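This one's a predicted model, so the numbers in the text were calculated from it and none came from an experiment. Numbers here are sequence positions counted from 1.
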Amino acid sequence: MNSRLAKQIFYAAGYLSALFLVIFIAYLIWFKPVATCFDNRRNQNETDIDCGGQCQACEIKTLILPEVSWLKYFPADNQIVIAAEIKNSNLNYAADFFSYTIDIYDNGGVKIKSLMKNSFIYAGEIKYLVESVEIDSKKIKEIKISFSNIHWKLNEEFKKPTTQLREIKTESTVVSGFLTNNNAFRLSKIRIFGFLYNQYGILIGASKTELENISAFEEKFFKINFPKNLGDINPDKTKVYAEAIK
């Protein structure tokens, strides 16, 4: 190999190296995807793929999604009332936010209505969802509920406030009583759910009401109205539950 050819190869190699360096720097600055907690890679300071470090705890990957214990609906004039009992089986984790979707299907299996809402659930909690939908109950064959966008938090970071219900009375289709905020802090909102049963213990109606801005240790009166013509109501079997929002 003569010296001229050697110089050409040397310069070409240098040129290619410089070009590669420029392209590599441009890739790092403008084109390389930003590392995230959802890129299916172990990067940043993660202890496993997309978890640990600055991402969510790896334990969250094994958490159980909210489970539906039962889901029912009740005709109410020109609408229906949908009620569900759900459970968070995770004793160390709560969810300060999650979305749920209620899908309603007709007799042909076609989805005719969807309702999207947000809620929360405390660690190990059994809670209730009650929603009204304007739809003819005769068109309904099936109702399903699904969960998404769950934001898990350690139990210590999202603890359940304590409340007390007393003097619950059922008169026709109205349930009333008193609720006490047993905490040393104000509660921005409390939802109170009521469930009516007939003499055979069958659930025949569900409804809810809300109280706002309940001061520390304050007691407030509440009243839950139900649709009329529910049939034979057994007042002794009425059940009432409260959920508090800090």
Side-chain angles (χ1 to χ4, degrees), residues 64 66-72 74 76 81-98 100 117-132 145 147 150-199 201-228 230 233-246:
I64 301 170
E67 303 166 286
V68 180
S69 301
W70 52 258
L71 175 63
K72 302 177 185 293
F74 312 95
V81 176
I82 300 172
E85 180 184 274
I86 66 174
K87 179 182 179 182
N88 176 14
S89 296
N90 305 291
L91 301 181
N92 296 321
Y93 277 88
D96 64 349
F97 178 91
F98 69 87
Y100 63 93
K117 295 283 185 175
N118 301 319
S119 190
F120 60 91
I121 191 166
Y122 296 104
E125 184 187 24
I126 293 175
K127 72 171 289 176
Y128 298 90
L129 306 173
V130 175
E131 302 293 347
S132 298
I145 184 169
F147 305 98
I150 303 175
H151 184 214
W152 295 108
K153 299 195 83 169
L154 284 168
N155 182 34
E156 292 76 15
E157 299 174 335
F158 191 64
K159 284 195 171 184
K160 183 177 182 179
T162 57
T163 58
Q164 181 181 359
L165 295 163
R166 69 178 188 87
E167 294 187 24
I168 306 300
K169 294 181 181 179
T170 303
E171 298 177 341
S172 184
T173 55
V174 177
V175 175
S176 62
F178 292 89
L179 180 139
T180 304
N181 174 11
N182 288 336
N183 306 277
F185 49 81
R186 183 183 67 87
L187 294 173
S188 62
K189 185 181 295 184
I190 293 181
R191 295 190 184 101
I192 305 173
F193 301 89
F195 299 92
L196 297 180
Y197 295 78
N198 64 17
Q199 58 181 330
I202 298 173
L203 181 61
I204 58 174
S207 188
K208 65 181 178 181
T209 190
E210 289 187 354
L211 301 176
E212 295 184 348
N213 299 319
I214 306 94
S215 301
F217 307 113
E218 182 183 6
E219 182 177 78
K220 278 193 175 183
F221 175 77
F222 70 86
K223 183 169 66 174
I224 308 173
N225 294 305
F226 289 78
K228 300 188 183 300
L230 289 180
I233 298 171
N234 186 340
D236 296 331
K237 294 186 180 295
T238 297
K239 294 182 180 179
V240 180
Y241 304 88
E243 68 170 24
I245 305 172
K246 234 175 170 183

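- Between the side chain of S207 and the main chain of G194, no donor-acceptor pair closer than 3.5 Å is present.
- Residues A84 and L71 come closest through the heavy atom pair CB-CD1, 3.6 Å.
- In the model, E131 has a side-chain atom that pairs as donor or acceptor with a side-chain atom of Y100 under 3.5 Å.
- For the atom pair CD (E210) and CD1 (I190), the distance works out to 10.5 Å, reported to the nearest 0.5 Å.
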ask   = Given the rule in the side chain to side chain contact (heavy atoms under 4.5 Å, CB included) test, do I233 and F226 qualify, once you have shown the distances and angles that lead to the verdict?
value = CA-CA 11 Å; I233 298 171; F226 289 78; over 6 Å; no
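- By the 4.5 Å heavy-atom criterion applied to side chains, Y122 and N88 are not counted as neighbours.
- S89 is linked by a side chain to side chain donor-acceptor pair (under 3.5 Å) to E67, counting only residues two or more places apart in sequence or in another chain.
- Taken to the nearest 0.5 Å, the CG atom of N183 stands 10.5 Å off from the CD1 atom of I214.
- Using a 4.5 Å cut-off on side-chain heavy atoms (C-beta onward), I145 and L129 make contact.
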key: Intermediate values then yes/no, side chain to side chain contact (heavy atoms under 4.5 Å, CB included), F158 and I121   = CA-CA 9 Å; F158 191 64; I121 191 166; over 6 Å; no
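- Applying the ring-ring contact (aromatic ring centres under 6.0 Å, His included) test to F98 and every residue at least two apart in sequence or in another chain returns F147.
- Residues Y197 and K239 meet the side-chain proximity criterion, which asks for heavy atoms closer than 4.5 Å.
- In this structure, L203 and W70 have side chains that are in contact, with non-hydrogen atoms separated by less than 4.5 Å.
- Under the side chain to side chain donor-acceptor pair (under 3.5 Å) criterion, K127 pairs with S119, E243, sequence neighbours left out.
- Taken from CZ in F74 to CD1 in I204, the straight-line distance is 8.5 Å, to the nearest 0.5 Å.
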request  = Go through the steps for T163 and L187 under the test side chain to side chain contact (heavy atoms under 4.5 Å, CB included), then give the verdict.
outcome  = CA-CA 10 Å; T163 58; L187 294 173; 4.0 Å; yes
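- Between the S188 side chain and the K246 main chain, a donor and an acceptor come within less than 3.5 Å of each other.
- Note that the CG atom of L154 and the CG atom of N92 stand 7.5 Å from one another [nearest 0.5 Å].
- Within the 4.5 Å cutoff, the side chain of N181 has no heavy atoms near those of the R186 side chain.
- Looking only at distances, no side-chain donor or acceptor of N90 sits under 3.5 Å from a matching main-chain atom of A94.
- Looking only at side-chain heavy atoms (C-beta outward), F120 and I245 come within less than 4.5 Å of each other.
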N/O donor to acceptor pairs below 3.5 angstrom from side-chain atoms of residues 169-180, sequence neighbours left out:
unit_1: T170; atom_1: OG1; unit_2: T238; atom_2: OG1; d: 2.8
unit_1: T180; atom_1: OG1; unit_2: E219; atom_2: OE2; d: 3.2

task = Could you please spell out the steps behind the side chain to side chain contact (heavy atoms under 4.5 Å, CB included) verdict for Y241 and I126?
result = CA-CA 10 Å; Y241 304 88; I126 293 175; over 6 Å; no
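- Among residues at least two apart or in separate chains, side-chain hydrogen bond (donor to acceptor under 3.5 Å, both in side chains) pairs with a member in residues 150-161 are D96-H151.
- The side chain to side chain donor-acceptor pair (under 3.5 Å) check on E167 picks up nothing, with sequence neighbours excluded.
- V81 and A206 make their closest contact through CG1-O, 3.3 Å (heavy atoms, listed as atom of the first residue, atom of the second, distance).
- L211 CG to R191 CZ: the interatomic distance, rounded to the nearest 0.5 Å, is 11.5 Å.
- Counting heavy-atom neighbours within 6.0 Å of K220 NZ, excluding the residue itself, gives a total above 12.
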